[in-house]
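Please read the structure below before turning to the comments.
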Amino acid sequence: MKPDLSLTFCGLRFPNPYVLAAAPTTDSADQVARALEAGWAGAVMKTTSVETESVELVYPQMGAIELEGKKLNGLINIDLISQRHIDQVEQDIRRLKKEYPGKVILASIMGSRQEHWQELVRRLEAAGVDMIECSFSCPHGMPERGMGAAVGQNPEFTERTARWVKEAAKRVPVAIKLTPNITDILPIALAVKRSGADAIVAINTVLGLIGVDIDTFSPLPSVDGIGIYGGFSGPAIKPIALQFVSKIAQNIDLPVAATGGICTWRDAVEFLLVGARNLQLCTAPMHYGFRIIEDLLDGLSHYLADKGFSSVEEIIGLALPKLSSYQHLSRTFKVVSQVNTDVCIGCGLCFIACQDGAHQAIVWDSEKRLPRTDEEKCVGCGLCPQVCPVEAITLKRTA
Amino acid sequence: MQQKHAAADYQAAAGNHAAGLNTTPRTLSRQERRTGFGEVEFTLTLAQAVQEANRCLYCYDAPCIQGCPARIQIPEFIARIRSRNLTGAAEVIYRDNPLGAICGRVCPVEALCQKGCTSCRISKPIAIGSLQRFVCDLALQEGRIAYQDEATTRGKVAVVGSGPAGLSCAHYLRQLGFNVDLFEREELAGGLLRWGIPIYRLPEEVAKREIDIITNRVALHRKYLLAAQAEDFIKQYDAIFLGVGLSSPVLLRTSGADLPGVYAASSFLRTLREGKSGDFAFRGKEIAVVGGGATALDAARSAIRLEAAKVTVLYRRTIEEMPAFSSEVEAAFQEGVDFLWLTSPVEITQVDGRLKLTLEGICLGEPDESGRASVIPTGVRTNFLADVVLVAIASQAEPASVEGWKDHPKVFRGGDLTGGATVVQAVADGKEAALRIISWLEKGGSR
């Protein structure tokens, strides 16, 4: 039997965990309609604002980090919230709710004053939105105007603003999207909890500078020779997102929607295991298109079936009890590296890594071109399996 | 998880994001190769080269280096392609091989550097030859090759023969502070690079560029140096390097070997390099090539390009024993060269304006002293008709250029003369001889 991929988040039924994050992928009803047709459970419309808020964009906005042949390991953007104001988003929501009643349509909002936040909420509720997400997290551009991450970096502002939104929302749940550009997420997450908001979305993009043009000395992306810091997203930020999501899930009694570096169903499973109840994607569909939903769905479905789960709900948070602190790690557990010489291709990368970057515990037979672990010297640090290109090295338990 | 998901490879596929980019260089089609002498393989693009360089594992104690007679630090130049340090990549190559662009084309990489490539054990070898060619072509094109030669304070050496061995020896000696007199009997320096290798494998302008960079830094003398002058030379120079190669073809000893229409393959190739392909009206003709080495294959593939109707290589052993390198044999197959194995001509006669070869069947016996299977004639004879016979059974040193040098301690030798079989081996020999000369002189030599 096919596992049930649907789950409940803030009282709303999602046909599957995959939602498009507020981003360029959700800046029109037509785009979102195509995504929903393709199989996405829902979408957060790109962050909107009241009609009087001016949004001036600059171009180009994107940059990527390349690593050994793969171009887009991480994406940076200096985009802002949507230039389409609430009047247009209201229409989008009416149309999408009518055409896709089984899907979940969320709206993301940003305001500079209480009246704006509350007006946005009232108008979206009237348009039939399912849920409201508040961006307290945009890392570039908006904070200069006291918006975005300027709110989400301050527990007091976070709580106050979230309360305004919560006050105005009569019917729909409210989620607060947090920024990772802080030293400790917990005071902010606790502020969200105190405000009465219904959920946390983590994380927004990581503030970064994607690169510098070494010919022109312009920081990138370069807007007529000048650059600024941007929001970094995609595969490279997944470990950061996993850390934030698991920490919130472990410590705060609010449901969490995860976003940040989710590209494949494997990433999705990991975020569910650390407690996410909902998954938002942005960079991956920007890179490969909405069609990736097919693999995201059937990969997750096959995984659950193979593991004997009947629904995705069953795996949420399963890794959390195993996430601890340093003092609780076993001091008696010992492993050593072990080379499978049938698989080894003799590149010597483990040898040089151990020699220069670890404990000089791998012996190199230059005649046979084979590495061997000196178990006396090996502390089991685990560097060599990471550099082996063919999975020839495993860690063997010795105590 | 037991089941293999297509999705499991998603990240891997994403890793090969640019994998849509094929890193195999563009090559001429079979049809294009049958009608002209254009270079078969193209130089990689920058994007292709970086993509291919990314496949390199950057092995410790890399086996590719051991496979390179010149000991180019291959993983080091490939790492520099990866970081787009293309000047650095060229420096790494030219440090150990002053004929980098030439060797990137003519090296039998499948038998040398790429043979031991660790990647062979998981997929296909890194295209080291193509990468080297890419780096060197770009560096030459942009004029980035500038050697820092030491002042000429260390002595004077004569280098006899300007093939790859002589060029390499002259280059390193000059770089390390010697006055070098380079002797070449032909109008142009380069030896085999100039008159042996067909232009579809080594275009003249590529050969010229790298040769000129060396000859411009030494004194090049156009002179046919007879070994009889050896005594004078030994008096005049601190040391002499002899790299005169094997320039004299071994001819068939069968009757009819001197008939019109029977040529030494090396003379045929040389005439082509001189730009006189018009001397050979091969279109529509049937050509027989006798031999199984590099020269035989070069001659057969050149005949194809002259639009011969049929080109057949006659070889007395099998494909397994052919001295030609497998990439050459494969290319010849692709271009439509036929092969007749286990056969040897015993007589050539003229019949109705054509040549009739009497071929004798061969069976292979126990290995002989060369380590190859011995050749045993079966007595079974067949006839084979051809319009032209090109003979490429072996080559030897010209007696006049080697006899008389004796084993004087000042005389050093290298290249094909001492058994080398490849350009890169000759380069390595020349470099090694230069270093031997220097260390011998440092120890006082013997004058």
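FYI, side chains are in, hydrogens and waters are out, and symmetry mates aren't considered; it's all heavy atoms of this structure. Proteins get letters first, then strands, A, B, ... in listed order; numbering begins at 1 in each.
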Determine whether more than 12 heavy atoms belonging to other residues, nucleotides or ligands lie under 6.0 Å from atom CD of A:Q360. yes

Nearest-0.5 Å distance that lies between atom SG in A:C344 and atom CZ in B:R121: 6.5 Å

At a 4.5 Å cut-off on heavy atoms, which part of A:E66 comes close to chain B: side chain, backbone, both, or neither? side chain

Let me see the working for B:D61 and A:R369 under side-chain contact (heavy atoms from CB on, under 4.5 Å), right down to the final yes or no. CA-CA 9 Å; B:D61 184 19; A:R369 295 198 64 80; 3.7 Å; yes

Chain A contact via B:A62 - side chain, backbone, both or neither, heavy atoms under 4.5 Å: backbone

For chain A, which residues from residues 95-114 of chain B have at least one heavy atom closer than 4.5 Å to it? none

Any B:L57 side-chain heavy atom under 4.5 Å of A:I345 side chain: yes

Chain B contact via A:C388 - side chain, backbone, both or neither, heavy atoms under 4.5 Å: neither

For the atom pair CG (A:D356) and OH (B:Y60), what is the distance rounded to the nearest 0.5 Å? 9.0 Å

Atom CZ of residue position B:R144 - does it have more than 12 heavy atoms of other residues, nucleotides or ligands inside 6.0 Å? yes

Assess whether atom NZ of B:K124 is packed by more than 12 heavy atoms of other residues, nucleotides or ligands within 6.0 Å. yes

